[in-house]
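Presented below is the structure to which this report refers.
Keep in mind the model is a prediction, meaning the values are calculated, not measured. Heavy atoms only: backbone and side chains are in, while hydrogens, waters and symmetry mates are out.
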Amino acid sequence: MAKAKTDDVADAEQGAAAGAAQVAPVDSTLGYEQARDELIEVVRSLEAGGTTLEESLALWERGEALAKVCRRWLDGARARLDAALAEPSGESGAERA
């Protein structure tokens, strides 16, 4: 029984590795809107169901990668806004005095 269980685990690991290999790498030059739109499609596909476990895992991994791209864009935008808000409003110290 232990032999069969070990074989099943090995088969599952091979299947998971094959599914992971099907994930297309996310282009790091994707714009925010492109990554967001593709992420929306990934979520719709996962919510619709009807995919195999391997396909679902590949979609999930793609979604995670796309979410990271979106997060990088949003973090960059937040940093730019924070920097702009931290700058003086154009008045110099001499004008205030």
Legend entry - Among V43, L39, D37, side-chain contact (heavy atoms from CB on, under 4.5 Å) partner for L66: L39
Inset, instruction - To the nearest 0.5 Å, tell me how far L74 CG sits from R36 CZ. - result: 10.0 Å
Inset, instruction - State whether the side chain of E61 and the backbone N or O of A58 hold a donor-acceptor pair below 3.5 Å, judged by distance alone. - result: no
Legend entry - Heavy-atom pair of closest approach, residues L30 and W73: O-NE1, 2.9 Å
Inset, instruction - Verify, without hydrogens or angle tests, whether Q34 (side chain) and G31 (backbone) share a donor-acceptor contact under 3.5 angstrom. - result: yes
Inset, instruction - Would you mind checking if E47 and R44 are paired as a salt bridge, meaning a charged N to carboxylate O distance below 4.0 Å? - result: no
Legend entry - pair S45-T51: side-chain heavy atoms closer than 4.5 Å: no
Inset, instruction - Output the distance between atom CD (E41) and atom CG (L59), rounded to the nearest 0.5 Å. - result: 11.0 Å
Legend entry - Stepwise side-chain contact (heavy atoms from CB on, under 4.5 Å) check, R72 with V69: CA-CA 5 Å; R72 269 197 314 272; V69 170; 3.5 Å; yes
Legend entry - Point-to-point distance, once rounded to the nearest 0.5 Å, from CD of E38 to CD of E33: 14.0 Å
